[in-house]
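All remarks here apply to the structure that follows.
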Amino acid sequence: MTKESVFSVCGMCTVRCPIQVEVENGRVGFISGNPHVPAMKGAVCPRGAAGTALLNDSERPQTPLIRTGERGEGKWREATWDEALDYVAEKLNQVKAEYGARAISFSDRGGPFRDMHRAFLKGLGTPNYNNHDSSCARNVQHSALSLTGMGRKAVAYDFKNSKHVVLQFRNIFEAVNVQEVNDLMDALEKGCKLTVIDIRATISASKASRFMMIRPGTDYAFNLAVIHEIINKRLYDERFVSRYVEGFKALEEFVTPYTPEWAETETGIAAETLRSFVEELAKAAPSVIWHPGWMTARYKNSFYICRSIYIINALLGAYGAKGGLPFVSKPADVGAKGLKSFMDLYPTPDEKRADGVGWKYTHFENGPGLAHLMFKAIEEQSPYPIKAYIAYRHDPLMGYPDPDRLRQMWDKLDLLVSVTFSWSDTAWHSDVVLPLSTYLERESIIATKNDLAPYFFVRKRAVAPRYDSLADWEIISGLARRMDLPDLVFDRVEDLWNFQLKDTGVTIEDFNARGLVKLADEAVYKNFEDYTFETASGKIEILSKNLEENGQPSLKPYEPPTSPKAGEYRITFGRCALHTQGHTVNNPLLNEQMSENTLWINTEEAKKLNISDRDIVTVSQNGYSETIRAQVTDHIHPEAVFVIHGFGHRIKAESRAFGKGLADNKFMSGGLDIWDKAGGAVAYQEHFVTISKG
């Protein structure tokens, strides 16, 4: 009997928690949080615990598949890896020869392990890399850049030392980051206040000292009134503002009409409640965190909601503060050399991006771009034809609005490839499915965590693959070998790791003891006296030249949201701790715990419709309908209905998830054209449905 312990990185969601995997006789016995990361406290979330069920799931793709019928028909032939990679490389080369490398596109779910496959795209010569962020946090990123010149990940959230945390676009106890949850729980035990602002009472709201149920679409009104109150009562950090904020006077004048009484008529939150909340917040400053959000692709003005949150943090002096938003360190900041990047092997393509980012929309950053605009470029074949698309661990047909239209857009493609460890709507619609080994079966490239105490970390293989699947680096190496990119060809993962670690003074053996290599002995809170922001003034700039030059105001006047018509409800969605979007609903363990979603509907509204709790109801929009079980509750705003996202699968290969629950994105007709022009993200919660019994 052989037992071993392997340090790795969870892959059940995009948080990627550090884990320890106990292996006995080649089988995974137990998964726990990495004990060398104190905030993990040895724990994983329910999804992390279900990693063994993913590993052993007989319904995941088991071998490369090449389509034989029509797209989406589910007719395939099994292929060897050589055959499948030859097929994909040949098709990519054909596209490249006829239309140029720019006709090749690629999307993923972001994260720390992108360096190699992004380098593959650079080597080919295409600029068309996207990630999922236009369906998630693009508004946060662009709002941070518009104020500080730095992205959202330039700061950490020091929950453990915070005195007041505000969650508005963040449901921390259901969209789980284990370290953040543990740190926040520690803070709450020490007296930290938690305020939650949401259209419904979430699990996070159940732990809050103050919960405010806000009218859907009015968050910006609330935040403007908060800024008004902070300035009007002189509750801001005058020293911080005078030294680090440019344009304060313009902000002060802008918020003059946005009083708490005005906001009450818009939001439904009493003026005195808002005032009391602001007083509590100011007393805790600067050790406050108003989280700017994770999934902020909600309304057409979500960018300005995120921007107002960052402004509030600045007014309270939370930037750089312990218990607030301290700045992270990169390896160089602590005297260490960073990993060698595959991206540096190739020049940046000089072609303009198909999604318009960087040339048509210069207020958006390059890099991940805006996937929904890339899809539109596929549809219109403008500014040039896009003929090949690789979806890597990404399911746009579940993750973006109006999937039927998206399929029609993809009809213009000559090649659609899905790299995935589980079935998805996108994989089912692809020409080729390349089965990715699950995270317990694969190694990944070494990655860097920029943090208060930065470190390198690595995912190591815990067990051999059960089926005929490959690790991501193996797939990229296989394609690179066939497409004349020899610098990306590796036969052993150790050679790949040694390439990355060159000149760092770190060896792969240094990861054996902990799964990570610390680059600083303790958290570094940067000396703010010497700090400058990455803007022209070196300060937080309330007035953004970049926004203004692109026709977007820095300070946008409030516009009331579209109200639902009589008999209609705004359809909203979110997360729960049991599932990660759509790719866990067929997981044997997690499906057993939650096999379908339900429709939250307000009690009084349900009475009007003669709907009782657990009744089957019909949800309709523009002639399309689905049925779902009702969850009648006081804990949701009467203008909205809510579902957990990721259900409503119609893939025959997924027997457990098939036909269970409702797919919210199918009720977003025209949704690919409804997006936040200032922040770039899709506006999911600008759609309305009708509800009827039966």
**OP:** For Glu73, look at atom CD and say whether over 12 heavy atoms of other residues, nucleotides or ligands are found less than 6.0 Å away.
**Re:** yes

Original post:
Taking everything shown except Lys412 itself, do over 12 heavy atoms lie less than 6.0 Å from its NZ?
Top reply: yes

Original post:
Is there side-chain contact between Pro396 and His394, with at least one heavy-atom pair below 4.5 Å?
Top reply: yes

**OP:** Tell me yes or no: between the side chains of Arg77 and Thr68, is some donor less than 3.5 Å from an acceptor?
**Re:** no

Original post:
Can the ring centres of Phe499 and Phe342 be said to be less than 6.0 Å apart?
Top reply: yes

Original post:
Distance only, no hydrogens: is a donor on one side chain within 3.5 Å (strictly under) of an acceptor on the other, for Ser444 and Arg459?
Top reply: yes

Original post:
What pair of heavy atoms forms the shortest contact from Thr426 to Ala391, and how long is it?
Top reply: CG2-CB, 4.0 Å

Original post:
With side chains defined as the heavy atoms from C-beta onward, is the minimum distance between Val433 and Trp423 less than 4.5 Å?
Top reply: yes

Original post:
Taking all atoms of both residues into account, what is the closest heavy-atom pair of Thr52 and Leu440, and its distance?
Top reply: N-CD1, 4.2 Å

Original post:
Does Glu443 pair with Arg461 as a salt bridge, N-O distance under 4.0 Å?
Top reply: yes

**OP:** Give a yes-or-no answer on whether the side chains of Gln408 and Asp411 include a donor-acceptor pair shorter than 3.5 Å.
**Re:** no

Original post:
Which atom pair, heavy atoms only, marks the closest approach of Leu370 to Asp355?
Top reply: N-OD2, 3.0 Å

**OP:** Might you work through the side chain to side chain donor-acceptor pair (under 3.5 Å) test for Asn665 and Tyr684, ending with a clear yes or no?
**Re:** CA-CA 8 Å; Asn665 64 330; Tyr684 285 99; over 6 Å; no

Subject >> Cys17 to Met40 - nearest heavy-atom pair and separation >> reply: CB-CE, 3.7 Å

Original post:
Would you say the side chains of Glu59 and Asn586 form a donor-acceptor pair under 3.5 Å?
Top reply: yes

Original post:
Do Phe573 and Met295 pass the side-chain contact (heavy atoms from CB on, under 4.5 Å) test, and can you show the C-alpha distance, the side-chain angles, and the key distance before you say yes or no?
Top reply: CA-CA 11 Å; Phe573 66 85; Met295 207 301 284; 4.0 Å; yes

Original post:
Between Val21 and Val28, what is the shortest heavy-atom contact and its length?
Top reply: CG1-CG1, 3.7 Å

Original post:
Taking everything shown except Arg650 itself, do over 12 heavy atoms lie less than 6.0 Å from its CZ?
Top reply: yes

**OP:** Run the salt-bridge test on Glu596 and Lys660 with the 4.0 Å N-O cut-off and return the result as yes or no.
**Re:** no

Subject >> Ring-ring centroid check His649 Phe658, cutoff 6.0 Å >> reply: no

Original post:
Salt bridge check: are Asp676 and Arg298 linked by an N-O gap of less than 4.0 Å?
Top reply: no

**OP:** Check step by step if salt bridge (Lys or Arg N to Asp or Glu O under 4.0 Å) holds for Lys666 and Asp402.
**Re:** CA-CA 5 Å; Lys666 293 181 181 178; Asp402 207 346; over 6 Å; no

**OP:** Count the heavy atoms belonging to other residues, nucleotides or ligands that lie under 6.0 Å from CG of Asp484, then report whether that count exceeds 12.
**Re:** no

Original post:
Any donor-acceptor pair under 3.5 Å linking the side chain of Ser8 with the backbone of Lys460?
Top reply: yes

Original post:
With a 4.0 Å cut-off, would you call Arg466 and Asp57 a salt bridge?
Top reply: no

Original post:
Strictly under 6.0 Å, is that where the ring centroids of Phe667 and His687 end up?
Top reply: no

Original post:
Could you state the interatomic distance from CD1 (Ile390) to CG (Leu415), rounded to the nearest 0.5 Å?
Top reply: 7.0 Å

Original post:
Are any non-hydrogen side-chain atoms of Ile19 and Val6 less than 4.5 angstrom apart?
Top reply: no

Original post:
Between atom CG of Asn93 and atom CG of Leu124, what is the distance when rounded to the nearest 0.5 Å?
Top reply: 8.0 Å

Original post:
Is the His117 to Phe106 ring centre distance short of 6.0 Å?
Top reply: yes

**OP:** Could you go through the side chain to side chain donor-acceptor pair (under 3.5 Å) check for Tyr129 and Arg114 one step at a time?
**Re:** CA-CA 11 Å; Tyr129 163 76; Arg114 301 176 297 161; 3.1 Å; yes

Original post:
Under 3.5 Å, is there a donor-acceptor pair linking the side chains of Ser469 and Gln62?
Top reply: no

Subject >> Close aromatic pair by centroid cut-off 6.0 Å: Phe375 and Tyr400 >> reply: yes

Original post:
Is the NZ or CZ atom of Arg170 both under 6.0 Å from the centre of the six-membered ring of Trp294 and within 45° of that ring's axis?
Top reply: yes

**OP:** Determine, for Arg71 against Asp431, whether the closest basic-nitrogen to carboxylate-oxygen distance falls under 4.0 angstrom.
**Re:** yes

Original post:
Hey, do the aromatic rings of His583 and Phe421 have their centres closer than 6.0 Å?
Top reply: yes

**OP:** Begin from the C-alpha positions of Arg60 and Glu441 and carry the test salt bridge (Lys or Arg N to Asp or Glu O under 4.0 Å) through to its verdict.
**Re:** CA-CA 14 Å; Arg60 61 182 170 100; Glu441 302 167 306; 3.0 Å; yes

Subject >> Atom of Pro331, atom of Phe456 and distance for their closest heavy-atom approach >> reply: CG-CE2, 4.2 Å

**OP:** Decide if the gap between the ring center of His291 and the ring center of Phe169 is smaller than 6.0 angstrom.
**Re:** no

**OP:** Taking atom NZ of Lys91 as the centre, report whether more than 12 heavy atoms of other residues, nucleotides or ligands fall under 6.0 Å from it.
**Re:** no

**OP:** Using a strict 4.0 Å threshold on nitrogen-to-oxygen distance, state whether Arg481 and Asp491 make a salt bridge.
**Re:** yes

Original post:
If you measure only the distance, is there a donor-acceptor pair under 3.5 Å linking the side chains of Gln20 and Ser5?
Top reply: yes

Original post:
With distance as the sole test, does Asn139 use its side chain to make a donor-acceptor pair with the main-chain N or O of Ser302 at under 3.5 Å?
Top reply: no

**OP:** Decide, yes or no, whether a salt bridge links Glu379 with Arg405 under the criterion of side-chain N to carboxylate O below 4.0 Å.
**Re:** yes

**OP:** Examine the side chains of Ser107 and Tyr389 and answer whether a donor and an acceptor come within less than 3.5 Å of each other.
**Re:** yes

Original post:
Among side-chain atoms of Tyr384 and Asn128, is any donor-acceptor pair under 3.5 angstrom?
Top reply: yes

Original post:
So do Glu365 and Val357 actually touch side chain to side chain, heavy atoms under 4.5 Å?
Top reply: no

